[in-house]
Each structure stands twice: as structure tokens, then as C-alpha cells.
Peer 1: 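Shown below is the structure under consideration.
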Amino acid sequence: MVERDERLVYKTSDLMRGHFQVEEIVKVNIGIVFIKWSLKQEQLQSCCFDYKYFDDGEPLSSKLRSIANHVEECYPVLKGVLLSLLPNRFEQDQSNMSAIVNAFTLPDWEEYSADELQTMFNALITEADGQDDIYSTPESIRTLMNKLIKPVKNMSVADLFSGAGSCLASVYSEHKNLNPILYGEEINFDMYGISNMLLIINGVSNAQIAQRNVYTNSENDCEKFDNVLMDSPFALSVSIEDSPVYKYGLPSKSSADWANYQIALRKLKDTGRAIATISMGGLNRASDVKIREGIIKDDLIEAVIMLPSSMYANTAIPTALLVFNKEKSEKTENRVIMIDASEQYIRKNRRQNGLTNETINKIVDAFNNATEEERFSTIVDTGTLEKNEFNLNASFYLNAQLIGQQLRDSITLRDVAEILPGVQVTASDLDVLKKNATHYFLNVRNIQDDSILYEEEDRIRDKKVNWYGKYDIQAGDIIMTTKGTTAKAVIVPDDFNPSFISNNLTIIRVNKEKYSPYVLLKYLKSELGKLVLDSVTTGTGVRIINASKLGNIEIPKYDVEKCLQIGERIKASSLEYLKRIEAAKKKLELENKEIDKELEI
């Protein structure tokens, strides 16, 4: 938004601050700007609604309602919308009405032309993706979606979960010469109204926004589209009734993502393409594996494009685009283009990342030409997807390529180590097991960078005899956090305290005649090792390492004698490092005592 517009919006917002919540002020501003624009159109130019109009003693709510009615009569599709944004929700309080009127009658508005008001309105919508109540797809994602659709003359484009209509407005702006036919669905009445206002103010005539629930009567919808766009809420919790729409199966009630994509496929023509947003977790969620399997085996997924985290101002989770295509080219038949642009971002503001035009064009080129580039794009066949449980995380396959190049001579971890996941203890069991405690009970917080933190309050006894040798630690074990925000690992020293591990941890018990645990830990903490661990990790905010798959990761194959010798060197240098750190701490404590004594503090 240009500085002049920002100043006016700030001024109107300041007049309403203290009367309404932030999201309400945003909607009132949107309503005011649209009315001001409407009053400069030929059919309403004769109307005069300046400050004098409000001075005849009639209730302010009635005056605002009259203005809204005049505008809505000119644009019947907006019936009830302006009344919803302006007086209806606030008419119970006269001071609230006065705040709106004061904002509406600012003299600054007279300096604006219709074109300038159009620009301001567009900015209010397209820059509102940080507001929880204004559902606008981030600019970078809109732009990328636009460049990925199939551009044909008179193409029909549907935006399901259309929100404020920013995607459809962008399609019209980008492809106006193709005379696109636009359709949107939005259940929220305010968003339905704002999206219609956005289309009206931008002169988009060949368009329709329906206020409806996308899950309602989807089975009976017969209209098909050349392109479908979908930016639905991530992991939406909704109860969905089974129907032929969901031919690949129903997802769990806690995450409707893969139900949404089946609706998108249902609405596509036989030559159509759909582009949908998805969270990172949705790419490999175990509960959706059967749905992914069916769609992949029917060869309906054309590409997966990993995006940076924080693309949306109100969430930091990493996201991606899924591209579905019912008429894939011969080059991508039974194959999926995998693109990882997750590290190629610019910082838009303190809460949000975006893509540069250069990155967007690079993504589009890789997609259109199905090209491969190290660490950026690759092509994966459906057989490989099936071997990896239909995991659609692009970075998984790009990392696998990199690991294969750098790790030519390897063995599996299972060849030299035993994998022992920790024990789950319920809160009620924990209270009982704390009596007559014999062992420390280690959790994620107890695993430090170079040591184990033992806490007296976390001592327990065993529940069953079989805990020994399974959940208790031994010298030389590698303890790894397998659930948490960050992955950590440490070697159990020779002078350890008897401890059991919780189910958030896993023991890697190395056969010391075959491999050194110190060499293994050094590898796991290396950049290559981190990539390997990523291949068995799911989740975004909370990362979960699949202990059952941990034994299958590739590790370097070394001459055993050489490996054990290097391991002893690492162990000796680590112990020496810890001794020196401890000696330095003691020296610092003594020095501080002397200084305190001299300063008499």
C-alpha cells in the first residue's frame, strides 16, 4: 500500500480504535472504501453523503443503512453485505456509530479518484493475509498458482475456499486476454461479500461467487472446470459423510486435506489441472496413506512444490503446493515432478516470508520442462513412491539423491546396532513408580549437547522385569531424542547413573566389535547424517523420528579396526574437552570469589 493510502487508513482506524476489535476495523475500512468508490460511479454520482447528511438528528445507524441500501441496489449481488460490514453489527451503541461516521466523513476522501480508491481497496484485501478474519492467499502463492494453471481461451477457473477472492482477481488480472470464466465458493458471508466487492471494483464481469459449504452436495455437482485452485485451511477438523466424491477414502476427522483434494479432482474436466496448498505434514501423514496410494496409482499428481515456512503471516508451518492433472504429458506419465524451494525465500516482514519473481520463474521453468537440478528438482516414478509409502515430501527424494552421491560405500544401522525405543509411562503409573525409586527417568529435556542431566525428582523404579536390557541405559549407548522440536543425541559415559528412558527417546546400542559409537554419533551430527535422519523424520513443529525405520538408515562403511581406533581418539578428545571445561569453570568460580571479596560484595 502506498504511503498516502496508509496514512488515511491509519487515520480512519485510529478513529475506531477502542470501539472495535482490529479485525472489525479492517472490515469497516473495506466497506467504507468500497462505498466511496461506488459513489464515484455514474449511477451513484448524484448522491451526497457528506458530514451534513448526518446532522439532521436521525439515528446514525439509519443513515448508514440508507447509504448501504443505495449501493446494494446498484449491485444486487451485495445484498446484505455492506449492512453486515457496517451498521448491523454495531447499531446497539451510538458511540460506535459515531466512530464509523467520523471515519466515513473525513475530508481526505474527497481527494481520491475512483481509480485511486480501487487501488486502495485491492491493497486492503491482498495485504490482509496476516488478519485472522480476512482470508486472502499470500501474494507469492497467488502468483505461483497463476503461472501453473493451464491457460486456454475462455478457460473456466474455480476457487474452492475462495475467501476474499484474491486468487480469482489475480487470475483475471493475469489472464484477462483469455476471457476467463471465474467461479468461487465461500461459506463465510463477510468473505463472500468482500470477494464479490473485489470482483466488482476490478471490473470482473464473467464471474460468480457462491456462498456455500464445499462439502455440501458435492456429489450432485455436475459443472466441471479447466482449472481448480484451492487454498483451504490446513488440517481442518470437519465431519464428512461418505459419498462417491471420496472414491479414494475418507481422511481422519482431524484433517480434511485429502477430502478437499478429492473434491477438487471431482470438479475437474478430463483435461483439467488443480493446484492446492498443503501443509508439510499432509504430504506423508500415515492416516492418509491409502488415499495418497489411490490417487498416485491413478497417476493424477503432476508435481509437489515445497515452499518456505512462514508464507502465511498467522502460521510459521512449512507449506507446499500439490499440482493434480487429469491429462499429464508423456514426459510425466507415471512420474511426479518434485521441487524444493523451501530455502529460497525473502523476508517480507517480521512474521512472513515470500518468494522473489526469480524463484517463482525458476519453479515454473522446472515444472513446465520437467527438468532436474541438484538440491532443487527431480523426477520420481510411482514405483519409488510406492517403496516409500507414497511419501510426497519432495525434500525426501532430493536428499536421497544427495545421500546416494556422497555415501557410496555404506551399510545399514541395523547391521551394527540394536534400536531400542523408550518406554511409555502413564501419569498414574509414574506416581506409583516414584516410590522406592532405583533409576533416573530420562526425557527430552535431560539430553544435553554433550551430557546427560540427571534430575532427582524424576527417579522411578521398574514396572516389569523385562525393562532391564531394553529401557535401561548402558555405557557407550547413543541416546537420541525421537520426538521434539529439535533432534539431540549424546553418548552415555562410563560413569553414568542408572536410568530408564521415556518413549520420547531411543537407544542406539552399537555392537562395539563392529563399529564405534563415537564415530556413529559424529556421523549422525554431520550435515550428511542430518539429511539421513530427515529421511525417517515426520512432522514440522514437533519432529518425530520413526524408530522402526531408524535401523534402515545408511551409515558409512569403514574398515572395522580403523573405525574403532578413530572412535577411541574421539572419545579421548571428548573427555579431555569436558575435563578442561570443568577445570575452567572451577577456576572462574574461584576467581569470582576473590573479586567479590575485593569488591566487598
Side-chain angles (χ1 to χ4, degrees), residues 403 406-422 440 442-454 469-484 486-502 504-537 543 545-547 549-585:
I403 292 165
Q406 296 188 27
L407 203 60
R408 289 188 173 86
D409 197 6
S410 65
I411 55 176
T412 66
L413 180 57
R414 201 181 303 280
D415 292 333
V416 296
E418 190 178 4
I419 312 301
L420 302 170
Y440 290 92
L442 305 181
N443 214 317
V444 173
R445 68 176 181 277
N446 304 108
I447 308 306
Q448 308 293 299
D449 289 333
D450 299 300
S451 62
I452 300 170
L453 176 66
Y454 299 99
K470 190 175 180 182
Y471 305 127
D472 62 328
I473 63 175
Q474 299 177 11
D477 283 348
I478 296 175
I479 306 177
M480 175 175 288
T481 60
T482 44
K483 185 177 182 181
T486 57
K488 294 184 288 185
V490 67
I491 286 187
V492 178
D494 295 336
D495 59 345
F496 70 95
N497 291 321
S499 306
F500 295 119
I501 63 164
S502 76
N504 293 324
L505 305 176
T506 293
I507 292 171
I508 301 175
R509 185 158 290 160
V510 180
N511 183 333
K512 299 183 187 67
E513 294 181 357
K514 294 182 177 181
Y515 215 90
S516 166
Y518 290 90
V519 170
L520 177 59
L521 182 62
K522 191 169 185 64
Y523 166 69
L524 293 176
K525 288 188 173 183
S526 70
E527 290 305 311
L528 181 58
K530 289 174 184 175
L531 287 179
V532 171
L533 288 174
D534 280 346
S535 69
V536 291
T537 301
R543 293 164 55 83
I545 295 176
N546 191 324
K549 296 180 180 178
L550 190 56
N552 298 326
I553 67 169
E554 300 287 318
I555 64 173
K557 182 179 180 181
Y558 297 116
D559 174 79
V560 175
E561 185 177 350
K562 179 182 177 182
C563 178
L564 297 179
Q565 286 175 354
I566 292 175
E568 286 303 312
R569 284 169 54 194
I570 297 171
K571 179 179 179 180
S573 61
S574 297
L575 290 173
E576 181 63 25
Y577 167 76
L578 292 174
K579 284 179 183 177
R580 292 189 179 188
I581 291 291
E582 190 61 33
K585 284 181 180 178

Peer 1: Is the shortest side-chain heavy-atom distance between K585 and I581 below 4.5 Å?
Peer 2: yes
Peer 1: On a heavy-atom basis, which atom in P421 and which in A547 lie closest, and how many Å separate them?
Peer 2: CG-CB, 3.9 Å
Peer 1: For V416 and I555: C-alpha separation, side-chain torsions, deciding distance, then whether side-chain contact (heavy atoms from CB on, under 4.5 Å) applies.
Peer 2: CA-CA 10 Å; V416 296; I555 64 173; 3.7 Å; yes
Peer 1: Where do Y523 and L407 come nearest, in terms of heavy atoms and distance?
Peer 2: OH-CD2, 3.5 Å
Peer 1: Would you name the heavy atoms of I478 and A489 that are closest together and state the gap between them?
Peer 2: CG2-CB, 4.2 Å
Peer 1: Could you give me the CA-CA distance, side-chain angles and deciding distance for N546 and T482, then say whether side-chain contact (heavy atoms from CB on, under 4.5 Å) is met?
Peer 2: CA-CA 7 Å; N546 191 324; T482 44; over 6 Å; no
Peer 1: How many angstroms lie between CD1 in I508 and CD1 in I553, if you round to the nearest 0.5 Å?
Peer 2: 6.5 Å
Peer 1: Applying salt bridge (charged side-chain N to carboxylate O under 4.0 Å, His left out), name anything that partners K525, two or more places apart in sequence or on another chain.
Peer 2: none
Peer 1: Measure the CG-CD1 distance between D477 and I507 for me, rounded to the nearest 0.5 Å.
Peer 2: 5.0 Å
Peer 1: Any side chain to side chain donor-acceptor pair (under 3.5 Å) involving residues 569-582? Give me the pairs, sequence neighbours left out, ordered by first then second residue.
Peer 2: D494-K571, E576-R580
Peer 1: Start with the C-alpha distance between R543 and T481, add both sets of side-chain angles, then the distance that settles side-chain contact (heavy atoms from CB on, under 4.5 Å), and finish with yes or no.
Peer 2: CA-CA 10 Å; R543 293 164 55 83; T481 60; over 6 Å; no
Peer 1: Looking at every heavy atom in both S516 and C563, which two are closest together, and how far apart are they?
Peer 2: N-SG, 3.5 Å
Peer 1: If you round to the nearest 0.5 Å, how far is OG1 of T537 from NZ of K549?
Peer 2: 10.5 Å
Peer 1: For a quick test of reading the model, state the closest non-hydrogen atom pair linking P517 to G476 and the distance between them.
Peer 2: CB-O, 3.4 Å
Peer 1: Identify each donor-acceptor pair in which a side-chain atom of residues 495-502 lies under 3.5 Å from a protein atom, sequence neighbours left out, and give them as a table.
Peer 2:
from	atom 1	to	atom 2	distance (Å)
S499	OG	N497	O	2.8
S502	OG	L442	O	3.3
S502	OG	N443	OD1	3.3
S502	OG	N504	N	3.3

Peer 1: Taking all non-hydrogen atoms of both residues, which atom of L420 and which atom of R509 are closest, and how far apart?
Peer 2: CD1-NH1, 3.5 Å
Peer 1: If I take atom CG from residue D450 and atom CD1 from residue I491, how far apart are they, to the nearest 0.5 angstrom?
Peer 2: 10.5 Å
Peer 1: Taking only residues two or more places apart in sequence, or in another chain, which ones meet K557 in a salt bridge (charged side-chain N to carboxylate O under 4.0 Å, His left out)?
Peer 2: none
Peer 1: E561: what forms a salt bridge (charged side-chain N to carboxylate O under 4.0 Å, His left out) with it, not counting sequence neighbours?
Peer 2: none
Peer 1: Hey, could you give me the CG/CE distance between L505 and M480, rounded to the nearest 0.5 Å?
Peer 2: 10.5 Å
Peer 1: For the atom pair CD1 (I479) and CD1 (I452), what is the distance rounded to the nearest 0.5 Å?
Peer 2: 4.0 Å
Peer 1: Within the supplied structure, the quantity of interest is the number of heavy atoms (other residues, nucleotides, ligands) at a distance under 6.0 Å from K512 NZ; does it exceed 12?
Peer 2: yes
Peer 1: Scan residues 408-417 for pairs that pass side chain to side chain donor-acceptor pair (under 3.5 Å), counting only residues two or more places apart or in two chains.
Peer 2: S410-E554, T412-D415, R414-N552
Peer 1: Does Y515 reach the side chain of I411, with side-chain heavy atoms less than 4.5 Å apart?
Peer 2: yes
Peer 1: Spell out, as yes or no, whether a donor-acceptor pair under 3.5 Å connects the side chain of N446 to the backbone of L453.
Peer 2: yes
Peer 1: Would you say that more than 12 heavy atoms from the other residues, nucleotides or ligands in this model lie under 6.0 Å from the NZ of K488, or not?
Peer 2: yes
